[in-house]
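We name chains A, B, ... by the order of the sequence lines, and we start the count at 1 in each one. If you're wondering where the values come from, they're calculated on a predicted model, not measured in any experiment.
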Amino acid sequence: MMKTFIIGLLIGMTLLWGCEPSTYTFVNTVTKDLEYTVDETGAFSETYTLFADDFNKDLDLPEDAIIRGVNIESFAIKSNPQTENEASAVKMNVYAGTEPDPFAKDVTLPVNLYLNYRAMPNLVTAAVNKLRDQLYGFVVDNDPLSIVFRIEGDSDPVPGERIYLIIKIRVTITVYYDVESDIGF
Amino acid sequence: MCICLTSANLHAQQFEDFVRKYTDANGKSYMQPLADAFGANLNSGWYHSAYIAKPGFQIYLGVSAMAAPIPAKNKTFTATTQGFFTPQQTADAPTIFGKTDPVEVKGDGGTAYVFPGGLDLKNLPMAVPNLSIGSLFGTSASFRWAAYDIGEDVGKVKLLGWGLTHSLDQYLPVEPFHVAFGFYMQQFAVGDIVDANGWLANVHTSYQLSFVTLYGGLGYENSNLDISYTYEEDNSEVSFNLKGNNNIRATVGFTLNLGPVKLNTDYSLASQSILTVGFGLGLNEVEKIRGME
C-alpha cells in the first residue's frame, strides 16, 4: 500500500545529497476501543477479545521493522447508560488474558459523569506491565493469538441494582521500531 | 535526484509514522524547524553580484545549492503529553531534525508516553536552477523553475520563482561599488499537500577585483509552509500552517569569474543561516570597462 506524507516528499525534493542508509526509529500508535454491553441485575462479567491479527493489521508495520518496544500509553473509559439502567454507578475490576490480578482495580464508574472518555483510574502497575508484555508478543510473533479483556463488577454504592450500560474502554498502545532506510543525509 | 525521489516515495509510510503521533498541539513545534530551514533555503541563491549592465544584454544560467545548518536550538522542543495519559508532563523532545531516538516519559500505573524521534539532520540542503536576464533601465529579471511528477497519489512537485533586481548605483555616487535592490518571490508545491512560499527584499552591493567579485547584502524575508494531509486509515486530517522565523538576513560572499563560468559562494547570517554555492554560465556579468570578460 503506497501512502505518502509530505515530509518524505520534502526530503526527497530538497535533501538531494547523500542518500546513505541509516537506521531510524519510528513510532506508531494504535487505539483500540473495547466495547461491553452490560445488561444484568447485580454482579456482571463481560468479555472482549482482541486478536493479534487485527491489532497488527491496524499497526501496519513494514516487513523489515525491528521492534524496539511496546508501551501502553493510556486507558480511558466511558459509559453509555440505556433507558432501563437504574444504577448510578458501577464498581469493577478489569482483567487481561489469563492474569488473575486485574490491571485496573475497583474502578468506580459514575455513569452520568463518564459519558465521554476519561482517563481510567486505579491502574495496577504489575498487571499493566504483564499486559504490555502480551502486546509485545502480539507484535513480534503473534503470540498469544488473542487477549481476552474482562470486566467484572456490580452496581455501586448499592449492589444488585439493574445495570444496563454500554461500557467502552479505550486502550492506546505505542509501538516503536527501527528501520534501515536510505532517506538519510 | 530521481533516485532520492524514488526513495522518498518508498519510505513515505515510515515518514507518515514519524509524524503520525503529532497531529496535536506538539505538531507545530515538531515541524517548525522544517519551515524555518526550508523557507530560508527558498529565499537564497538569488544573486552573486550587484552589477547590472546599463544598458546591455546580460544573462546568467546556473544552479544554486543551499544548505541550512540546523542549529542546536532547533533540534529539541518542549513537548507536552496529550490524550488520556496521566499525569500530564512535559519533556525535551526531538524536533523533526532532532535525534532519532524517541523520548519516553513514565505515567501512572505502568503507562508510558513516547515522543517520536527526528531525522537527526545536520543540514537541510536544496538545489534550484536560476536564470537571470537583463537589462532594461538597469533592471534584470530572475527566474527559477522546476517540476517533477511524483505520480501515485501525490501529484506534481513544482517550484516557481521570479524576481527583479534594479541597479541603484546608476543614481548614487558609489563607484567603484555596485549597489542594487532586489525583490524575489517563489512558490513550492507538492500536489495538494504542500504549499510553500517565500519572498526576499534585499539591498546588495558588490566590488570587483580581477577575477573575483566580492558581494554582500542585507535583506528582509518571509516564508510560509502549509501542509495539509489526510491519513488513509482513519481519514484524520493533518494540517500545519507554519511561518518561518527568519526575518533579517545579512549575506557575504564572493564570485569567481572564469570567463563565462561563474562560481560563487555566500553565507547568510540569520535566525536560520544558509550556506549557498552556485555554478553557472554568464555573459556580460562583469563590468566591461574593467576588461574582465
remark   = Interface check, chain A: of B/T86, B/L159, B/T81, B/D101, most non-hydrogen pairs under 4.5 Å belong to B/D101
query = If contact means a heavy atom pair closer than 4.5 Å, which residues of residues 127-157 of chain A contact chain B?
reply = A/V128, A/N129
key: Point-to-point distance, once rounded to the nearest 0.5 Å, from CD1 of A/I72 to OH of B/Y113   = 15.5 Å
task = Check whether any side-chain heavy atom of A/T172 lies under 4.5 Å from a side-chain heavy atom of B/F84, and answer yes or no.
result = no
task = Anything in residues 116-126 of chain A with a heavy-atom distance to chain B below 4.5 Å? Please list those residues in order.
result = A/Y117, A/R118, A/A119, A/L123, A/V124, A/T125
inquiry  = Does any part of the side chain of A/N71, heavy atoms only, come nearer than 4.5 Å to the side chain of B/E104, both counted from C-beta?
reply    = yes
task = For residues A/Y176 and B/V114, report the shortest heavy-atom separation together with the two atoms involved.
result = CE2-CG2, 4.0 Å
message = Ignoring hydrogens, what is the shortest heavy-atom contact between A/E73 and B/Q82? Give both atom names and the distance.
response = OE2-O, 4.2 Å
request  = Calculate, to the nearest 0.5 Å, the distance between atoms CG and OG1 belonging to B/D120 and A/T25 respectively.
outcome  = 10.5 Å
key: More than 12 heavy atoms of other groups within 6.0 Å of B/K243 NZ   = yes
Would you tabulate the side-chain donor-acceptor contacts of residues 103-114 of chain A under 3.5 Å, counting partners in other chains and residues two or more places apart, or write 'none'?
none

Pairing residues for B/Q272 by the side-chain hydrogen bond (donor to acceptor under 3.5 Å, both in side chains) criterion, not counting sequence neighbours = none
message = Within this structure, what is the CZ-OG1 distance for the pair A/F26 and B/T100, rounded to the nearest 0.5 Å?
response = 9.5 Å
